[in-house]
Amino acid sequence: QLYAMRYGTVPVVHAVGGLRETVRPYNPHTKEGTGWQFDEALTNKFQEAVGWALGTYREDKDTFKKIQLSGMQQDLSWGLAAERYEEKLIEAKYSW
């Protein structure tokens, strides 16, 4: 999904692990997000998420373009990931 978003593909992902963290769910009220997530590995949940994505693509192309650009503009570099990891380690160290 990282390469896909970098090149403009809008992801629809099962919200597990790193996918939950890197794909921000699109919110139609705030018009923010980088893709769509579904929370259970069930066919109907996947179909629902794809339906939302396709509906946005068909009915609101400007918003879909904004979602694409949001994904493309994210800093998903290893440097940033390492900084966040270090912050979590320090936070855990001093939480005792």
side-chain hydrogen bond (donor to acceptor under 3.5 Å, both in side chains) filter on D39, not counting sequence neighbours, yields none
Please name all residues satisfying side-chain hydrogen bond (donor to acceptor under 3.5 Å, both in side chains) with D62, sequence neighbours left out, ordered by chain then number. none
Pairwise salt bridge (Lys or Arg N to Asp or Glu O under 4.0 Å) hits with a residue in residues 72-90, at least two apart: none
Quick check: do V23 and Q37 have side-chain heavy atoms less than 4.5 Å from each other? yes
For R24, all residues meeting side chain to side chain contact (heavy atoms under 4.5 Å, CB included), sequence neighbours excluded: T34, S70, Q74
For residues 8-22, dump all side-chain donor-acceptor pairs below 3.5 Å to protein atoms at least two apart in sequence or in another chain.
from	atom 1	to	atom 2	distance (Å)
R20	NH2	A15	O	2.6
T22	OG1	Q1	NE2	2.6
T22	OG1	G18	O	3.0

Is Y85 isolated, or which residues cluster with it under the ILVMFWY side-chain rule of less than 4.5 Å, directly or via members? L89
Other members of the hydrophobic cluster containing I90, with the 4.5 Å side-chain heavy-atom rule, please. Y94
Would you say F38 and M5 are hydrophobically clustered, going by side-chain heavy atoms of ILVMFWY under 4.5 Å? no
Run the side-chain donor-acceptor check on residues 46-58: report pairs under 3.5 Å with partners two or more places apart or on a different chain.
from	atom 1	to	atom 2	distance (Å)
T56	OG1	W52	O	3.0

Listed by chain and number, what are the salt bridge (charged side-chain N to carboxylate O under 4.0 Å, His left out) partners of K66, not counting sequence neighbours? none
With E40, which residues qualify under salt bridge (charged side-chain N to carboxylate O under 4.0 Å, His left out), at least two apart? K45
